[in-house]
Amino acid sequence: MIPIVTIEGSTASGKSRLAMLLAQRMETEIISADSRQIYKFMDIGTAKPTKEDIRLVKHHIIDIINPDVRYNAGDFAIDAGEAINKIHENKRVPIIVGGTGFYIKTLLEGIFKSPDIPLELRARLEHDAEVLGLDAMHEKLMQIDPDAGRNIYKQDKHRILRALEIFEHTGKPISVHWQEQQIVEKYKPYKILLSDERELIYSRINKRFDEMIAEGLLIEIEALLQMGYSKDDYGLTAVGYREFMPHFYEKAELDECIEKAKQNTRRYAKRQQTWYRRQDFNLILNPKDIDSELIENLFNQINNS
RNA sequence: GGCGAGAUAGCUCAGCAGGUAGAGCAGAGGCCUGAAAAGCCUUGUGUCCCCAGUUCAACUCUGGGUCUCGCCA
């Protein structure tokens, strides 16, 4: 099994700082697990590592695609797997850092092998949902796959249609795919969570967002629009970007956009915290704990485990 | 100073021919198997501004007071 370190935590919890210090001490490389830092041209709003950070420590899975390209957890598991292998071949322990918990979970625990779904099938289900209503779609799911149906809210169109498309395309209920999926035992992770009081995270978010504005977030967004990217491109649905679309498209008040962006970032952090409560970690740290002594202890602990 | 309108949940407001109240937003809790910075679920007790009066019963009616906002001086 390949040893790896993961660092998770909500936005503005100090992940990058810990990762940089630890990576330098371990003389290793960082793999980003962040569903928005994958996009080129989106630097300020996604709080990407600085040029200096990248110069000091090699970062993977950052700036890999344009903002109009879709990416998903399965893609991440493949890309991260490759990066891990490379780093491991050099006898280093990779550090995986990021706030996209689902990506890391997918990497560590695996995900069932889904075929690509034909666009026509997706469009047809989308159309059926429109005509028949979501309740009908959920009932349909309950008939073909009650195990999955029970676990999906009746209004969760996204997951209902996902389960239906998998059944129609593979002839097998999605819950059966889940059962058949084998557990991944490729990695031996040392999992670290950075956690802090909600109020402190919130005030750090608010402050950091003002800093992003000062650093030129608006200019960055304008540049994206000038390059031809629009609010319909997936990258621009990121928090801190989408809230400004009303400003550029309909001349909404800037102050209101900023408040909305802060609020959505806070809600995002809240959802992350909820997610992490359910995950297991080897070590839970407070951002205040990060100092050279801690890094030294971590270094030793990781080497000995 | 005069006239008018208002004062109800953190915010914006609704409501009751008198039977102690409810929406939206905010907030909180939760879910999560190729969209995860996404998507989705649950959740509303507060001196109904204060004092007095009428009444079996007042947030609701009457009188007074305080404050806020308009318009006129």
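Chain letters run A, B, ... following the sequence lines, proteins first and then strands; every chain starts at 1. On a predicted model such as this, the values are computed, not experimentally measured, just so you know. Worth knowing before you read on, the calculation uses all heavy atoms, side chains too, and leaves out hydrogens, waters and symmetry mates.
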Worksheet item: Side chain of A:Asn72: nearest nucleotide among B:rC32, B:rG34, B:rA37?
Response: B:rG34

Worksheet item: In Watson-Crick or G-U wobble terms, both distances under 3.5 Å, what is the partner of B:rA9?
Response: none

Item to complete: Just label B:rG34 as syn or anti from its O4'-C1'-N9-C4 or O4'-C1'-N1-C2 angle, using within 90° of 0 for syn.
Response: syn

Practice prompt. Using Watson-Crick or G-U wobble geometry with both distances below 3.5 Å, tell me the partner of B:rC71, or none.
Written response: B:rG2

Worksheet item: Contact class for A:Tyr71 vs. all strands (heavy atom < 4.0 Å): base, sugar-phosphate, or nothing?
Response: sugar-phosphate

Worksheet, complete the sentence: In Watson-Crick or G-U wobble terms, with both distances under 3.5 Å, the base opposite B:rC32 is none

Worksheet item: Can you find a side chain N or O atom of A:Tyr234 that sits less than 4.0 Å from OP1 or OP2 on B:rA36?
Response: yes

Worksheet entry | Distance, rounded to the nearest Å, where A:Gln279 contributes CD and B:rU33 contributes P | 12 Å

Item to complete: Take atom CD of A:Gln273 and atom C1' of B:rG27, then tell me their distance rounded to the nearest Å.
Response: 14 Å

Worksheet item: Paired with B:rC56 by Watson-Crick or G-U wobble geometry, both distances under 3.5 Å: which nucleotide is it?
Response: B:rG19

Item to complete: For A:Arg36 and A:Tyr234, run side-chain hydrogen bond (donor to acceptor under 3.5 Å, both in side chains): C-alpha distance rounded to whole Å, both residues' side-chain angles, the deciding distance at 0.1 Å, then the answer.
Response: CA-CA 10 Å; A:Arg36 305 295 146 152; A:Tyr234 196 67; 3.1 Å; yes

Fill in: A:Arg266 side-chain N/O to B:rA37 phosphate OP1/OP2 under 4.0 Å
no

Fill in: Donor + acceptor pair across side chains of A:Gln273, A:Lys270 (<3.5 Å)
no

Discussion item. Rounded to whole Å, how long is the line connecting atom CD1 of A:Ile61 with atom C1' of B:rG34?
Written reply: 15 Å

Discussion item. Counting the atoms with a prime plus P, OP1 and OP2 as sugar-phosphate, which does A:Gly45 contact under 4.0 Å by heavy atoms, base, sugar-phosphate, or nothing?
Written reply: base

Practice prompt. Please measure how far the C1' atom in B:rC50 lies from the corresponding atom in B:rU66, and state the result in whole Å.
Written response: 7 Å

Worksheet item: Of all the choices, B:rG29, B:rA37, B:rA36, which nucleotide is nearest to the side chain of A:Lys270 once you look at every atom?
Response: B:rG29

Worksheet item: Can you tell me how far P in B:rU62 sits from the matching atom in B:rG19, rounded to whole Å?
Response: 15 Å

Fill in: Donor on one side chain, acceptor on other, A:Thr265 and A:Arg208, under 3.5 Å
no

Practice prompt. Between B:rA9 and B:rG1, how far apart are the C1' atoms? Round to whole Å, please.
Written response: 37 Å

Worksheet item: The side chain of A:Phe102 lies closest to which of these nucleotides: B:rG27, B:rA36, B:rA37?
Response: B:rA36

Practice prompt. For A:Asp34, answer base if it contacts any base atom (sugar-phosphate contacts may also be present), sugar-phosphate if it contacts only those atoms, and nothing otherwise; contact means non-hydrogen atoms under 4.0 Å.
Written response: base

Discussion item. Does this structure show an ion pair linking A:Lys262 with A:Glu243, if we count only N-O contacts that are shorter than 4.0 Å?
Written reply: no

Fill in: Residues A:Lys48 and A:Asp53 bridged, charged N to O under 4.0 Å
no

Item to complete: With heavy atoms under 4.0 Å as the rule, sort A:Arg122 into base, sugar-phosphate or nothing.
Response: nothing

Response to the item:
Only one of A:Glu29, A:Glu27, A:Lys86, A:Met26 passes side-chain contact (heavy atoms from CB on, under 4.5 Å) with A:Arg92, and that residue is A:Glu27

Item to complete: Find the distance A:Glu199:CD to B:rA28:C1' and express it as a whole number of Å.
Response: 12 Å

Fill in: Between B:rA37 (P) and A:Lys260 (NZ): distance, integer Å
19 Å

Worksheet item: Is there a donor-acceptor contact under 3.5 Å from the side chain of A:Asn303 to the main chain of A:Asn300?
Response: no

Practice prompt. Select from A:Tyr241 and A:Asn151 the residue whose nearest nucleotide in RNA chain B is closer to the 5' end of that strand.
Written response: A:Asn151

Worksheet entry | Nucleotide nearest A:Gln181 when distance is taken to its side chain, options B:rG27, B:rA37, B:rU33 | B:rU33

Worksheet item: Can you tell me how far P of B:rC25 sits from CZ of A:Arg267, to the nearest Å?
Response: 9 Å

Worksheet item: Using atom P of each nucleotide, how far apart are B:rG27 and B:rG22 to the nearest Å?
Response: 23 Å

Worksheet item: Picking from B:rG34, B:rC31, B:rA37, which would you name as closest to the side chain of A:Thr274?
Response: B:rC31

Worksheet item: Using atom P of each nucleotide, how far apart are B:rU60 and B:rU20 to the nearest Å?
Response: 14 Å

Worksheet item: Base, sugar-phosphate, or nothing: which does A:Tyr39 touch, judged by heavy atoms less than 4.0 Å apart?
Response: nothing

Discussion item. Please confirm whether the shortest side-chain N or O distance from A:Arg162 to OP1 or OP2 of B:rG34 is below 4.0 Å.
Written reply: yes

Discussion item. Is there a side-chain contact between A:Ser35 and the phosphate of B:rA37, meaning an N or O under 4.0 Å from OP1 or OP2?
Written reply: yes

Restricting to nitrogen or oxygen on both sides, can you table the protein-nucleotides 40-42 of chain B pairs closer than 3.5 Å?
none

Discussion item. Suppose we screen for side-chain hydrogen bond (donor to acceptor under 3.5 Å, both in side chains). Which residues come up paired with A:Arg271, at least two apart in sequence or across chains?
Written reply: none

Less than 3.5 Å apart, which donor and acceptor atoms pair up between the side chains of residues 101-119 of chain A and the rest of the protein, not counting sequence neighbours?
residue  : atom : partner  : partner atom : Å
A:Lys105 : NZ   : A:Glu109 : OE1          : 3.2
A:Thr106 : OG1  : A:Phe102 : O            : 2.8
A:Ser114 : OG   : A:Arg162 : NH2          : 3.0

Discussion item. When the P atoms of B:rA58 and B:rG65 are compared, how many Å lie between them, rounded to an integer?
Written reply: 23 Å

Practice prompt. Could you check whether A:Thr100 gets within reach of a base, just the sugar-phosphate, or nothing at all, counting any heavy atom under 4.0 Å?
Written response: sugar-phosphate

Worksheet item: Does a distance-only test, which skips hydrogens and angles, find a donor-acceptor pair under 3.5 Å between the side chain of A:Glu109 and the base of B:rU33?
Response: no

Item to complete: Assign A:Tyr103 to base, sugar-phosphate, or nothing according to its heavy-atom contacts below 4.0 angstrom with the strands shown.
Response: sugar-phosphate

Worksheet item: What distance, rounded to whole Å, do you find between the two C1' atoms, one in B:rG18 and one in B:rG39?
Response: 48 Å

Discussion item. Please report the distance, rounded to the nearest Å, between CD in A:Gln263 and C1' in B:rA26.
Written reply: 7 Å

Worksheet item: Taking the C1' atom of each, how far is B:rG46 from B:rC59, in whole Å?
Response: 11 Å

Fill in: Smallest separation among heavy atoms of A:Ile201 and A:Ala12, with atom names
CD1-O, 3.8 Å

Practice prompt. Have a look at A:Thr11 and say if it touches a base, only the backbone sugar-phosphate, or nothing, with a 4.0 Å heavy-atom cut-off.
Written response: nothing

Discussion item. Do A:Leu194 and A:Ile290 make a side-chain contact, defined as non-hydrogen atoms from C-beta onward lying under 4.5 Å apart?
Written reply: yes

Item to complete: Send over the distance from A:Phe76 CZ to B:rA36 P, rounded to a whole Å.
Response: 12 Å

